[in-house]
Asks: 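Structure provided below as structure tokens; questions to follow.
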Amino acid sequence: MDKSRDQGTGSIQTDIEAVRPLPMAAGSRFANPNPLGFGAFATTLMTLSLSNMGFRGVSNQTLFIADLCLLAGFGLLISAQWEMVRGGTFGYTVLAAFGLYYAGYGVLLMPSMGITNAYGGQTTEFYNAFGFYLLVWSILNFFFFLASLATNIPNIIIYFTLELSYIFNCAAHFTIADGHTNMGTTLTKVSGAFGFVSALAGFYMLCHDLCQDSLPFTLPLCDTSSFFRRRRVQGKDM
């Protein structure tokens with residue numbers, strides 16, 4: 001009887017050990033999700049910026065839905081989830097926000113959605129509504145820019161130039177709504193130029209992260225976190 005119990009217990013223990021997850025090997029780590037995030041962000045922003053600057057006469061951005069909804073939408077969201085696993089609040093928030101932003105922007109461009117037709121075409125109300133859309137995103141990005149001040153120089157450049165791109169693009173839409181088409185076109189080109197610089201900084205961050213894993217050298221980031229460390233006085237945060 002006792003022997004039967006021992007055998008039964010041993011069988012149960014064997015079953016438990018069979019389904020127990022194996023411990024991670026020493027030295028194993030998660031892959032860095034930032035290269036995918038920076039690559040998706042920079043690639044999508046650069047195509048939009050080239051269009052806004054009027055390169056090769058491309059003004060219809062419908063073709064960019066592929067980048068907006070798939071590369072940026074899915075890519076940034078996937079990167080965001082893994083950044084959350086790593087405990088990066090800033091990275092998770094930014095990647096998730098821009099992933100959803102680009103996916104939403106792609107939806108706005110889809111002809112089948114009929115969003116432009118809902119305004120009767122590119123009317124004054126359409127440009128004013130789009131201006132509000134960009135204005136509110138410039139406010140959100142401003143907080144991203146403030147948080148980036150405690151990271152590094154390329155990151156600061158990304159959000160600073162992106163902020164200017166939002167502001168000029170917003171101004172362009174309001175200007176076109178007021179009937180000043182030529183001025184609006186000029187402001188759109190300026191917006192595209194700042195977006196292009198932001199994309200270049202994003203590609204720099206992509207190159208830095210990839211070099212760390214595969215090449216014997218790294219690109220400098222000029223870390224700025226040391227200038228923003230909170231001081232502790234008698235156990236209290238300053």
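All heavy atoms count here, side chains included; hydrogens, waters and symmetry mates do not.
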Asks: Are Met84 and Leu76 linked, directly or through intermediate hydrophobic residues, by side-chain heavy-atom contacts shorter than 4.5 Å (ILVMFWY only)?
Replies: no

Asks: Scan residues 58-74 for pairs that pass side chain to side chain donor-acceptor pair (under 3.5 Å), counting only residues two or more places apart or in two chains.
Replies: Ser51-Gln61, Asn52-Gln61, Asn60-Thr62, Gln61-Tyr105

Asks: Please check: side-chain N/O of Ser79 versus main-chain N/O of Gly75, any donor-acceptor pairing under 3.5 Å?
Replies: yes

Asks: Got a second to check how far Tyr92's OH is from Glu83's CD, nearest 0.5 Å?
Replies: 11.0 Å

Asks: Using a cut-off of 6.0 Å, state whether more than 12 heavy atoms not belonging to Tyr204 lie near its atom OH.
Replies: yes

Asks: Working note: Val190 + Asn169, criterion side-chain contact (heavy atoms from CB on, under 4.5 Å); need CA distance, chi angles, decisive distance, verdict.
Replies: CA-CA 8 Å; Val190 175; Asn169 203 6; over 6 Å; no

Asks: Can you give me the closest heavy-atom contact between Met110 and Cys69, atom names plus distance?
Replies: CE-SG, 3.7 Å

Asks: Evaluate Ser198 against Phe41 for side-chain contact (heavy atoms from CB on, under 4.5 Å), listing each step before the verdict.
Replies: CA-CA 10 Å; Ser198 181; Phe41 167 81; 3.8 Å; yes

Asks: Within a strict 4.5 Å, meaning less than it, do heavy atoms of the Ile167 and Cys170 side chains meet?
Replies: no

Asks: Do the rings of Phe142 and Phe145 sit parallel, tilted or perpendicular, given the 30° and 60° boundaries?
Replies: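 Plane angle between 30° and 60°, so tilted.
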
Asks: State plainly whether one hydrophobic cluster holds both Ile65 and Leu100, where clusters connect Ile, Leu, Val, Met, Phe, Trp and Tyr through side-chain heavy atoms under 4.5 angstrom apart.
Replies: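 Result: no, two separate clusters.
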
Asks: On a heavy-atom basis, which atom in His208 and which in Leu219 lie closest, and how many Å separate them?
Replies: CD2-O, 2.8 Å

Asks: Using the side-chain contact (heavy atoms from CB on, under 4.5 Å) criterion, which residues pair with Leu140? Sequence neighbours excluded.
Replies: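 Residues passing side-chain contact (heavy atoms from CB on, under 4.5 Å) with Leu140: Trp137, Phe144.
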
Asks: Is there side-chain contact between Leu77 and Tyr102, with at least one heavy-atom pair below 4.5 Å?
Replies: no

Asks: With a 4.5 Å heavy-atom cut-off, do Leu48 and Met53 have their side chains touching?
Replies: no

Asks: If you round to the nearest 0.5 Å, how far is CZ of Phe98 from CD1 of Ile158?
Replies: 9.5 Å

Asks: Would a 4.5 Å heavy-atom cut-off, applied to side chains only, mark Met205 and Asn152 as touching?
Replies: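 Of all side-chain heavy-atom pairs linking Asn152 with Met205, at least one is under 4.5 Å.
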
Asks: Going from CD1 on Ile153 to CG on Asp223, what distance comes out if it is rounded to the nearest 0.5 angstrom?
Replies: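 Going from the CD1 atom of Ile153 to the CG atom of Asp223 covers 9.0 Å.
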
Asks: A side-chain contact here means heavy atoms from C-beta on lying under 4.5 Å apart; do Leu36 and Trp82 qualify?
Replies: no

Asks: Rounded to the nearest 0.5 Å, how far does CG of Asn141 lie from CD of Glu163?
Replies: 5.0 Å

Asks: Quick check on the 6.0 Å ring-centre criterion: do Tyr127 and Phe174 meet it?
Replies: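 Tyr127 vs Phe174: aromatic centres not under 6.0 Å.
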
Asks: What's the spacing between Asn128 CG and Tyr119 OH if we round to 0.5 Å?
Replies: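 Result: 10.0 Å between the selected atoms.
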
Asks: Return the minimal non-hydrogen interatomic distance between Ala40 and Ala72, and the atom names on each side.
Replies: CB-CA, 4.1 Å

Asks: I need the minimum non-hydrogen distance between Ser49 and Gly195, along with the two atoms involved.
Replies: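 Smallest heavy-atom distance, with atoms named: OG-C, 3.1 Å.
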
Asks: For Met113 versus Val107, what's the shortest heavy-atom pair and its separation?
Replies: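 Distance-wise, the nearest heavy atoms are CG-O, 3.4 Å.
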
Asks: Do Leu149 and Phe227 have side chains that approach each other closer than 4.5 Å (heavy atoms only, starting at C-beta)?
Replies: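 Result no, sub-4.5 Å side-chain heavy-atom pair not found.
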
Asks: Is it true that Leu200 and Ile157 fall in one hydrophobic cluster, defined by side-chain heavy atoms closer than 4.5 Å?
Replies: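 Yes: a chain of side-chain contacts under 4.5 Å links Leu200 to Ile157.
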
Asks: Donor-acceptor pair, distance only, cut-off 3.5 Å: does the side chain of Thr151 make one with the backbone of Ala147?
Replies: no

Asks: Considering non-hydrogen atoms only, spot the tightest contact between Ala103 and Gly73 and give its length.
Replies: CB-CA, 4.1 Å

Asks: Just checking Met183: does its CE atom have more than 12 heavy atoms from other residues, nucleotides or ligands closer to it than 6.0 angstrom?
Replies: no

Asks: Should Ile176 and Phe132 be regarded as members of a common hydrophobic cluster, given that ILVMFWY residues are connected when their side-chain heavy atoms come within less than 4.5 Å of each other, either directly or indirectly?
Replies: no

Asks: Please tell me if the side chains of Leu135 and Tyr166 come closer than 4.5 Å, counting only heavy atoms from C-beta onward.
Replies: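 A side-chain contact under 4.5 Å is absent here.
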
Asks: Do the ring planes of Phe130 and His173 sit parallel (below 30°), tilted (30 to 60°) or perpendicular (above 60°)?
Replies: tilted

Asks: Give the C-alpha distance, both sets of side-chain angles, the deciding distance and a yes or no for side-chain contact (heavy atoms from CB on, under 4.5 Å) between Phe55 and Phe196.
Replies: CA-CA 12 Å; Phe55 272 71; Phe196 186 82; over 6 Å; no

Asks: Can you tell me how far apart CG (Asn155) and OG1 (Thr224) are? Round to the nearest 0.5 Å.
Replies: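 Those atoms lie 8.5 Å apart.
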
Asks: Among the clusters formed by ILVMFWY side chains lying less than 4.5 Å apart, do Phe90 and Leu95 turn up in the same one?
Replies: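 Yes; Leu95 is reachable from Phe90 via cluster members.
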
Asks: Can you confirm whether Phe194 sits close enough to Phe168 that some side-chain heavy atom of one is under 4.5 Å from a side-chain heavy atom of the other?
Replies: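 In short, these two side chains touch, coming nearer than 4.5 Å.
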
Asks: Decide if atom CG of Leu108 counts as having more than 12 heavy atoms of other residues, nucleotides or ligands within a radius under 6.0 Å.
Replies: yes

Asks: Using a 3.5 Å distance criterion without hydrogens, assess whether the side chain of Ser191 forms a donor-acceptor pair with backbone atoms of Leu187.
Replies: no

